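Since the model is a prediction, treat every value here as computed from it, not as a measurement. Protein chains get the first letters and strands the later ones, always in sequence-line order, with residue 1 at the start of each.
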Number of protein chains: 2
Amino acid sequence: MKNVERIVNHAENHCKAHGARLTNKRKIILSGLLEVGKAMSAYDLVDYCKDQFGESIPAMSVYRILDFLQEENLVHKLSLANKYIACAHITCDHAHGVPQFLICGNCQRVEEITINKSTINTLRRNVEDAGFHLVSPQLEMNCLCHDCVEHAA
Amino acid sequence: MKNVERIVNHAENHCKAHGARLTNKRKIILSGLLEVGKAMSAYDLVDYCKDQFGESIPAMSVYRILDFLQEENLVHKLSLANKYIACAHITCDHAHGVPQFLICGNCQRVEEITINKSTINTLRRNVEDAGFHLVSPQLEMNCLCHDCVEHAA
DNA sequence: CTCAAAATGATATGATGTAACATTCTTGGG
DNA sequence: CCCAAGAATGTTACATCATATCATTTTGAG
Ligand SMILES: [Zn+2]
Ligand SMILES: [Zn+2]
Ligand SMILES: [Zn+2]
Ligand SMILES: [Zn+2]
């Protein structure tokens with residue numbers, strides 16, 4: 001069984017567990033994101049599904065499906081790039097924490113990480129000191145990946 | 001002298017100091033952002049300048065002017081909201097560090113802060129541990145301001 | 001003053017995202 | 001099984017955000 005298929009199956013079980021339905025179209029969108037392995041715009045996904053799966057899914061539907069997948073923590077939106085990326089932890093059994101994203105400004109690679117609690121707490125204290133309350137520590141950070149740092153050197 | 005005027009003068013000196021020109025149109029855009037005191041889209045600014053200053057500045061020019069103002073650190077872009085906001089530290093004489101933004105998800109108030117170096121360094125180490133190099137610690141955080149926390153309680 | 005560079009304008013178009021209503025699919029109770 | 005109700009998807013139109021390209025105007029150094 002291909003890896004993408006395995007992850008999609010896992011996602012389907014995750015949905016079933018609380019009565020949500022990972023329909024065929026939703027599987028296709030999720031599969032596309034998993035196959036590509038990097039962030040794509042909604043319209044990129046329209047094209048990809050047309051080209052790779054022969055499925056014409058209108059943009060409106062893609063947006064709705066992306067909303068659903070985000071609610072299920074199967075996909076995340078990167079506001080810095082207006083793109084969407086498959087969750088890197090779909091097959092992990094632990095509950096999904098608030099993710100942080102490292103975005104390589106050179107090759108666009110994206111890494112989804114979970115920064116350790118003590119760092120987040122430090123950040124939270126900084127925010128409280130400024131008179132605000134941190135609601136969600138989802139962060140998107142402008143980075144360079146290891147490869148791009150090497151090649152630049 | 002009004003406060004906005006004072007800040008704009010300071011900005012003009014800042015530009016002059018290295019041969020950049022804070023033209024009249026650029027002053028108008030910056031003044032608009034300062035008067036409003038919150039984040040606005042480029043098209044919001046087109047309308048505002050038309051209504052408040054009787055200046056019809058085409059959107060294309062507004063975008064160019066915002067680009068200029070960002071390079072001068074007089075304005076920052078909030079990617080989370082696709083909006084622009086005047087820098088909170090124009091009249092500070094110290095060099096402008098990399099800012100972080102706290103955005104109230106309820107009333108849209110924005111606070112520009114500079115998180116202390118040690119926190120940023122901790123964050124940087126977390127990023128390095130993930131095999132990436134942090135290029136810019138500009139962060140946009142989904143928060144609630146103190147007032148909105150109170151009123152919700 | 002003159003000319004080149006900088007700034008701004010005009011026009012078109014691309015990219016991203018949502019509103020509103022229609023149609024189709026799914027599913028559980030009779 | 002059948003049907004009604006809700007969920008999912010389709011259609012159309014439009015709103016919003018942003019850039020490409022070329023023309024014109026403004027500015028300032030020489
Ligand atoms: Zn995730
Ligand atoms: Zn890279
Ligand atoms: Zn600033
Ligand atoms: Zn608030």
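- The separation between A/Met60 atom CE and C/dT23 atom C1' is 15 Å, rounded to whole Å.
- Between the C1' atom of C/dT8 and the NZ atom of B/Lys27 lies a distance of 17 Å, rounded to the nearest Å.
- Comparing the axis of the opening five pairs of the helix from C/dC1-D/dG30 to C/dG30-D/dC1 with that of the closing five pairs yields an angle of 20°, rounded to 10°.
- Between A/Lys83 atom NZ and D/dA18 atom C1' there is a gap of 13 Å when expressed in whole angstrom units.
- For the OP1/OP2 pair of C/dT16 and a distance below 4.0 Å, the side-chain nitrogens and oxygens of B/Asn82 include no atom meeting the criterion.
- Pairs of residues two or more places apart, or lying in two chains, never qualify as ring-ring contact (aromatic ring centres under 6.0 Å, His included) while including a residue from residues 109-146 of chain A.
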### Summary
In B/S/- notation (B base, S sugar-phosphate only, - none; protein heavy atoms under 4.0 Å), nucleotides 22-30 of chain D written 5' to 3' is -----SS--
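- At least one donor-acceptor pair closer than 3.5 Å links the side chain of A/Glu140 to the backbone N or O of A/Leu80.
- Across the protein-nucleic acid pair, A/Arg26 atom CZ and D/dA8 atom C1' stand 6 Å apart, rounded to whole Å.
- Under the salt bridge (charged side-chain N to carboxylate O under 4.0 Å, His left out) test applied with A/Lys27, the options A/Glu35, A/Glu5, A/Glu12 reduce to a single match, A/Glu12.
- Within the 3.5 Å criterion, the main-chain N or O of A/Leu134 finds a donor-acceptor partner in the side chain of A/Arg124.
- Contact check on B/Glu55 versus B/Lys50 returns no salt bridge, with no Lys/Arg side-chain nitrogen under 4.0 Å from an Asp/Glu carboxylate oxygen.
- If you take CD of A/Glu71 and P of D/dA8, they are 10 Å apart, rounded to a whole angstrom.
- A heavy-atom distance below 4.0 Å to DNA chain D is reached by none of the residues of residues 34-47 of chain A.
- Rounded to whole Å, the distance from CD on B/Glu55 to C1' on C/dG9 is 13 Å.
- The shortest distance between side-chain heavy atoms of A/Leu66 and A/Lys77 does not fall below 4.5 Å.
- B/Asn106 has its side chain out of reach of B/Val149: every pair of non-hydrogen atoms, C-beta onward, lies at least 4.5 Å apart.
- Taking side-chain N and O atoms only, A/Tyr84 has a distance below 4.0 Å to OP1 or OP2 of C/dG17.
- When rounded to the nearest whole Å, the span between CD1 of A/Ile28 and C1' of D/dA8 equals 14 Å.
- Below 30°, between 30° and 60°, or above 60°: for A/Tyr63 and A/Tyr43 the angle between ring planes is above 60°, a perpendicular geometry.
- Taking side-chain N and O atoms only, A/Lys77 has a distance below 4.0 Å to OP1 or OP2 of C/dG17.
- Taking the six-membered ring for Trp, A/His76 and A/Phe101 have ring centres closer than 6.0 Å.
- No side-chain donor-acceptor contact under 3.5 Å links A/Asn9 and A/Arg6.
- Between the B/Asn126 side chain and the B/Thr122 main chain, a donor and an acceptor come within less than 3.5 Å of each other.
- Qualifying side chain to side chain donor-acceptor pair (under 3.5 Å) partners for A/Glu72, counting only residues two or more places apart in sequence or in other chains: A/His14, A/His18.
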Below 3.5 Å between N/O atoms, which protein atoms pair up with nucleotides 3-5 of chain D? Just atom names and distances, please.
none

### Task
Dump the intermediate steps for side-chain contact (heavy atoms from CB on, under 4.5 Å) on A/Met141 and B/Leu139, then the final yes or no.
CA-CA 7 Å; A/Met141 285 174 277; B/Leu139 304 176; 3.6 Å; yes
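- OP1 or OP2 of C/dC25 has not a single side-chain nitrogen or oxygen of A/Lys25 nearer than 4.0 Å.
- Between A/Tyr63 and C/dG17 there is a side-chain polar atom (N or O) within less than 4.0 angstrom of OP1 or OP2.
- The shortest distance between the side-chain N/O atoms of A/Ser61 and the OP1/OP2 oxygens of D/dA8 is not below 4.0 Å.
- Remark: P of D/dA8 and CD of A/Glu72 are 10 Å apart, rounded to the nearest angstrom.
- The backbone N or O of A/Lys38 sits nowhere less than 3.5 Å from a side-chain atom of A/Arg109 that would complete a donor-acceptor pair.
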